[in-house]
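One-based numbering, in listed order, for ligands and for the atoms of each. Quick caveat: nothing in here was measured; it's all calculated off a predicted structure.
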Amino acid sequence: MSSAHPLIAEFQRAGQAQVFAFFDELAPDAQQHLLAEAAEIDLAEIDRLNRTLVAQTGAAAGVNLSGLAPAPYEPLIAHGGDALAWERAKRAGEDALRAGRVAAFTVAGGQGTRLGYDGPKGTFPVTPFLGKTLFQVFAEKLLAAGRRYGRPLHWFIMTSHQNHAATEAFFREHHFFGCDTTRVHFFRQGRMPAVDFSGKILLEAKGSIALSPDGHGGSLRALDRSGALDLMEREGIDTLSYFQVDNPLVRAIDPAFIGWHLLRGSEMSSKMVPKAYAEEKLGHFCAQNGRLVVVEYSDLPMTMQREINASGQLRYRAGSIALHLLDREFIRRMARSDGSVVALPFHRADKKIPAIDAAGQPVKPSKANGVKFELFVFDALPFAQNPLVIETSRADDFSPVKNAEGVDSPQTCRDDQRRQFARWLNAQGVALATDATGLPAINLEVAPSFGYDEDSFAESWARLSVRPTLADGLVLT
Ligand code: UTP
């Protein structure tokens, strides 16, 4: 094998010579491609992860639970929250929006394996009647919010190497759904190599390393590297509203949340929903030695997940639904930290990774054959000043499309959207028949331009000169 290239020599010294095992067989452009991929890899980081995550198993690799307690949070008014404080927060958030201090941020770099949809997940048709795609729903919500507050919003969209070109093409094809093209910003997240259980970097083909997105936590570095933070600074934006590409129900721009975040001087704030039942697979907001942390459902012992407090509620009930507000300079600090003290930790995920073996033959693993490394955005919370958790109503913020069928599927999401539209109508005094779960009998869809939350819906409804009939279904645009 050629070792003339300094990068190849570096990989050899790091015990990763197998990456270039087939180098001499490759055509010159394929050699360049492999070298470029290899140059993305931080070998010292891989070595550290091999020692700390791959070699460690059992208790040594487990999460530290000492001093863990449930995290405090601001409850909704309906659950005992301070109505005046919520009103003050909403006003402060609206002021910030009118001042143009907020931008939206969608993380869309995931692989969407569970949904099994061919294409970027944001291009998945999701609304119940018109079949609008996830990206269109967000675009329309952001356009409507921008109009409402008199300041068009910037929208940052994080893609992956795999779906970047297709995502941009989709937006172009749809004329950016009416958004100002100079305010929609796409950037790619970083990648990490997968390793086998002995820490050797895997090849997916002779000229290509098994690389995959570095997790949604990679967004902090990618926001910095892409110039998004500088752009925010130039535009006077200090707050980023973070949401996932698979959740069309989200209040992408929520004045009360923004207000709580700003009034508390928080660098990172999150929304929680009370867990529906102990075994529900949500991360838990917890306090640990004076810091706010999220402990994943797989890391919190089931006995603790089932603990009940004096009021008969789950003690660890604050479930994370991946909705955050982030301060711009906090992101910069996290992205540029030297990694020794302030840094997001990588998590280990054992996966079936399509790869080639030592003879260059493709292996299609039937069980996990290696490890992927991922960063999680909520791991930034312990480093934030004045971090804050507020409660939200699940029905108005969270119905993700994760699986092709069953829970968190397109069907459950469409039904949750219809329930939301029905609630908005019923709040206006329309007697809409629903079943016991709130699902309306008729076809129903509300375009975000008409209403993207209860307040904006109420305003549009009040402006209607003729009230629509409901007999055959209703589409409000
Ligand atoms: P998920 O954890 O649901 O992962 O991502 P996923 O890749 O979309 O789906 P599966 O697990 O393969 O079925 C939650 C959110 O984080 C984004 C996803 O696009 C989604 O919005 N994400 C995830 C990234 O942007 N980058 C990543 O590396 C991982």
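- Between Phe376 and His347, the ring-plane angle classifies as parallel under the 30° and 60° cut-offs.
- Checked by distance only, ligand 1 and Val245 come closer than 3.5 Å through their nitrogen or oxygen atoms.
- Salt bridge status for Lys132 with Glu140: present, with a side-chain N to carboxylate O gap under 4.0 Å.
- Nearest protein heavy-atom neighbour of atom 12 (O) of ligand 1: Thr113 OG1, 2.3 Å.
- For ligand 1, the polar-atom distance check against Lys402 finds a nitrogen or oxygen pair separated by under 3.5 Å.
- Shown here is Asp357, whose CG atom has more than 12 heavy atoms of other residues, nucleotides or ligands within 6.0 Å.
- In this model, no donor atom of one side chain and acceptor atom of the other lie less than 3.5 Å apart for Asn386 and Ser266.
- In terms of protein heavy-atom proximity, atom 19 (O) of ligand 1 is nearest to Gly110 N, 2.9 Å.
- The protein heavy-atom contact nearest to atom 14 (C) of ligand 1 is Gln244 NE2, 3.3 Å.
- Contact annotation: the side chain of Leu35 approaches that of Phe20 to within less than 4.5 Å [non-hydrogen atoms, C-beta and beyond].
- Of the protein's heavy atoms, Gly112 N, 3.6 Å lies nearest to atom 6 (P) of ligand 1.
- Aromatic ring pairs are classed by plane angle as parallel below 30°, tilted from 30° to 60° and perpendicular above 60°; the pair His185 and His154 is parallel.
- In this structure, His174 and Phe177 have parallel ring planes: the angle between them is below the 30° cut-off, well short of the 60° mark.
- At least one N or O atom of Val107, backbone or side chain, sits closer than 3.5 Å to an N or O atom of ligand 1.
- Looking at atom 16 (O) of ligand 1, its nearest protein heavy atom turns out to be His216 CD2, 3.6 Å.
- Residue, atom and distance of the protein heavy atom nearest to atom 4 (O) of ligand 1 are Arg114 NH2, 4.1 Å.
- A donor-acceptor pair under 3.5 Å links the side-chain atoms of Gln16 to the main chain of Ile201, judged by distance alone.
- Ligand-side atoms of ligand 1 in range of Met158: 25 (O), range being under 4.0 angstrom from any heavy atom.
- At the top of the distance list for atom 25 (O) of ligand 1, counting protein heavy atoms only, stands Gly109 N, 2.8 Å.
- Residue Gly218 places every heavy atom at 4.0 Å or more from ligand 1.
- Where the criterion is an N or O separation shorter than 3.5 Å, residue side chain and backbone included, Gln189 meets it with respect to ligand 1.
- The protein heavy-atom contact nearest to atom 7 (O) of ligand 1 is Gln111 N, 2.8 Å.
- With Val126 as the fixed residue, the side-chain contact (heavy atoms from CB on, under 4.5 Å) test singles out one of Asp246, Val137, Leu249: Val137.
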